[in-house]
Amino acid sequence: MSRRTISIGGASGFWGDSSIALPQLLQHDGLDYISFDYLAEVTMSILARARAKDASLGYATDFVALAARHLPQIAERGVKLIANAGGVNPVACAQALRARIADAGLDLRVGVVTGDDLLPMQAQLQDCREMFSDAEMPARLLSLNAYLGAAPIAAALGAGADIVVTGRCVDSATVLGACIHEFGWSLADFDRLSGGSLAGHIVECGAQATGGLFTDWQDVSDWANIGYPIAVIEEDGAFEVTKPAGTGGLISRGTVSEQLVYEIGDPAAYLLPDVTCDWRSVKIEETGKNRVRVSGAIGRAPPETYKASATWQDGYRVGATWTIIGEAAAGKAAKVGEAVVSRVASLLTQAGAAPFTETSIEILGAESSYGASSQARGAREVVLKIAAKHVDPKALEMLVREFTSAGTSMAPGFTGMGGNRPKVMPLVRLFSIAVDKMLVDGQIHADVDGQDVLIPPAAIAAPAAAVTVTPEPDLLIDEAELIQVPLIALAWGRSGDKGNHANIGIVARRAEYLPYIKRALQPERVAKLFDHYAPTEVKRFDLPGIQGLNFMLYDVLGGGGIASLRNDPQGKGYAQILLGVDIAVPSDLLAS
């Protein structure tokens with residue numbers, strides 16, 4: 001039986017998110033579901049290594065411990081949990097939960113979704129090429145998992161599950177699955193599926209939707225008790241975003257718009273297993289204090305393939321930091337970094353060892369993220385970071401030793417907090433492929449406490465053409481009347497990663513600002529701003545519904561994630577860099 005609305009809270013944006021979310025959400029009256037997102041690509045590789053050491057592991061043990069502490073309240077309030085905490089071993093995760101439930105003497109049913117693990121199929125998929133680089137698949141993988149959709153989750157809920165655990169699925173599917181179950185949405189009702197997916201996208205990163213990472217951070221209250229988001233979803237796919245009473249944070253058009261543009265790539269074709277989302281016409285309106293309504297999502301048929309992500313080990317990596325204090329600190333740091341890397345390179349040559357496959361020297365505090373010359377900066381306190389990759393961990397241990405020795409043989413003012421030396425870690429890379437759904441669907445399985453669950457077949461529909469958006473005419477501007485103002489005065493911004501690519505979303509604070517922002521932020525200018533990261537291409541996409549732009553910068557993250565040696569391997573600071581550029585606007589625009 002369908003209901004007018006359902007309320008779903010987002011309690012986790014990654015493995016390691018705060019434990020404050022679940023208790024505050026459980027206090028919110030009328031909450032129906034709580035969604036948890038734990039899985040990034042690097043998380044899958046960590047869990048795969050854990051399972052290799054112990055067959056009973058390979059899932060987010062934090063979720064089981066957290067849920068166990070609150071089981072009586074979960075049962076009392078009748079709130080259902082949906083989590084992709086199963087990682088590479090969702091069955092073991094479900095078994096651990098069932099044991100905790102039995103110990104508590106409660107009657108809660110656990111459903112588990114499997115079928116995303118494609119590692120046994122690697123030989124069959126060996127000829128698949130990497131989606132972005134067209135590289136050949138590595139011979140030995142740590143993990144290989146398809147991003148499943150929402151239908152198996154909905155089926156498990158329909159069979160009576162109170163808690164649903166999955167392995168790898170798209171982050172938003174944990175919310176969309178509840179919508180499909182509660183509202184009885186058809187798997188061919190693409191506009192509603194797009195709306196439910198957008199609700200999932202907004203809450204999937206936890207407090208990022210409630211003021212976390214917000215451009216206007218000074219307007220966000222009480223970070224210590226920041227509220228986690230709740231989506232109140234309607235039958236047509238529109239929804240409101242709110243948070244528990246008495247919590248900190250902020251919900252506004254700006255905070256929710258920033259989360260919409262986060263890591264979506266092309267907003268006209270955000271590809272998910274259940275639907276191709278078009279969010280260019282989405283409207284975001286403030287309907288009350290800390291309450292925002294989101295509507296207007298459009299959907300088309302999904303792709304005929306699942307995205308699958310593999311992880312594989314490509315040698316080892318290490319990174320270390322030390323502080324350098326005093327006049328010309330940046331110049332001293334640069335000289336230390338060059339000397340240490342040069343010394344170790346010579347020692348490797350003398351030993352007949354291979355050279356480093358990559359090194360990175362960054363001087364934090366001297367604006368190296370902006371591409372600035374370190375010697376030209378007047379900072380009197382900087383942090384020198386040196387990182388490297390090598391096939392042999394012993395070479396990296398040598399780097400750590402020689403970097404430490406600089407404390408008595410190189411620059412004055414060399415210091416740092418005492419403690420253990422950095423550890424050499426496996427270098428894990430991502431490898432993404434597209435896999436025919438026909439190869440995967442047959443192995444997707446769901447059960448609820450041992451009861452097999454029938455999963456409805458996905459809708460088959462020819463992909464519809466994207467709606468064409470007519471570009472706005474160029475502005476007729478009197479250049480003599482323009483003044484330069486920083487972009488941050490005109491817009492909000494949020495950035496993140498898509499593999500080795502960076503995504504920067506920009507949202508105009510007012511509609512009348514957008515034409516001037518668009519005029520100034522041509523892809524060529526953005527590429528030049530990030531020239532020190534050598535993007536292979538920069539694309540710009542329009543989101544007229546929220547007065548926004550989305551930029552994709554390709555191949556700028558040094559491999560991305562744990563494969564990158566950068567201090568910012570996920571492009572989290574890129575929006576802050578872009579918000580500092582000057583935009584030409586009429587002198588009376590800001591006063592109007």
Side-chain angles (χ1 to χ4, degrees), residues 40-42 45-46 311-324 329-349 353-374 379 381-407 409-411 414-430 497 499-502 530 532-534 555-574 577:
E41 284 81 5
V42 64
S45 66
I46 294 170
T311 58
W312 60 289
Q313 184 175 339
D314 184 23
Y316 298 85
R317 54 168 279 168
V318 76
T321 60
W322 288 97
T323 302
I324 296 179
K332 290 189 290 186
K335 188 172 182 179
V336 170
E338 293 163 3
V340 169
V341 171
S342 176
R343 177 189 291 179
V344 179
S346 295
L347 291 172
L348 291 175
T349 299
F356 292 120
T357 54
E358 184 181 342
T359 60
S360 171
I361 300 173
E362 291 180 281
I363 303 169
L364 313 179
E367 299 192 8
S368 60
S369 294
Y370 288 79
S373 169
S374 60
E381 181 180 75
V382 300
V383 173
L384 170 60
K385 185 226 74 184
I386 301 178
K389 301 175 183 176
H390 201 279
V391 296
D392 186 350
K394 293 181 179 178
L396 299 174
E397 291 165 359
M398 181 188 299
L399 176 68
V400 173
R401 183 186 69 232
E402 297 302 328
F403 191 10
T404 304
S405 77
S409 61
M410 296 187 186
F414 189 106
T415 188
M417 184 176 179
N420 295 328
R421 291 186 179 186
K423 294 181 179 180
V424 175
M425 300 292 290
L427 171 64
V428 177
R429 292 190 182 275
L430 178 66
D497 64 320
N500 192 32
H501 316 313
F530 291 93
H532 52 296
Y533 291 140
D555 303 306
V556 291
L557 295 177
I562 199 171
S564 175
L565 297 182
R566 303 265 182 84
N567 187 60
D568 184 6
Q570 296 175 299
K572 299 292 187 180
Y574 283 28
I577 295 171

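All heavy atoms count here, side chains included; hydrogens, waters and symmetry mates do not. Every value quoted in this text rests on a predicted model; they were computed, and no experiment measured them.
Rounding to the nearest 0.5 Å gives a distance of 12.5 Å between CG of Leu565 and CG of Leu557. Interatomic distance, Ser368 OG to Arg566 CZ, rounded to the nearest 0.5 Å: 10.0 Å. Annotation: the span from Leu384 atom CG to Phe414 atom CZ amounts to 7.0 Å, rounded to 0.5 Å. Ser564 contributes atom OG, which lies 10.0 Å from atom CG of Leu427 (distance to the nearest 0.5 angstrom). Once rounded to the nearest 0.5 Å, the distance linking CD of Glu338 with CD1 of Ile386 reads 10.0 Å. Separation of atoms CG (Asn567) and NZ (Lys572) is listed at 13.5 Å; rounding is to 0.5 Å.
Of all the heavy atoms in Ile562 and Pro426, the pair that sits closest is CD1-O, 4.5 Å. Scanning both residues, Phe403 and Val336, for their nearest heavy atoms gives CE1-CG1, 4.3 Å. Nearest heavy atoms, Ala329 versus Ile324: CB-O, 3.7 Å. The two atoms that bring Ser45 and Thr311 nearest to each other are CB-OG1, 3.5 Å, heavy atoms only. Of all non-hydrogen atoms in Ala502 and Val556, the two that sit nearest each other are CB-CG2, 3.6 Å. Of all non-hydrogen atoms in Val400 and Pro422, the two that sit nearest each other are CG1-CD, 3.9 Å.
Under the 3.5 Å distance criterion, the side-chain polar atoms of Asp314 are left unmatched by any main-chain donor or acceptor of Arg429. Using a distance-only test at 3.5 Å, with no hydrogens or angles considered, a donor-acceptor pair links the side chain of Ser405 to the main chain of Glu402.
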side-chain contact (heavy atoms from CB on, under 4.5 Å) between Tyr533 and Ser369, intermediate numbers included: CA-CA 9 Å; Tyr533 291 140; Ser369 294; 4.1 Å; yes

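Applying the side chain to side chain donor-acceptor pair (under 3.5 Å) test to Arg317 and every residue at least two apart in sequence or in another chain returns nothing.
Ring-plane geometry between Phe356 and His390 is classed as perpendicular, the angle between the planes exceeding 60 degrees on a 0 to 90 degree scale with a lower cut at 30.
You'll find the side chain of His501 reaches within 4.5 Å of the side chain of Asp555, heavy atoms only. Two residues are said to be in side-chain contact when any heavy atoms from C-beta on lie closer than 4.5 Å; Met410 and Val340 meet this criterion.
Screening residues 357-366 for side-chain hydrogen bond (donor to acceptor under 3.5 Å, both in side chains), with sequence neighbours left out, gives Glu358-Lys389, Ser360-Lys385, Glu362-Lys385.
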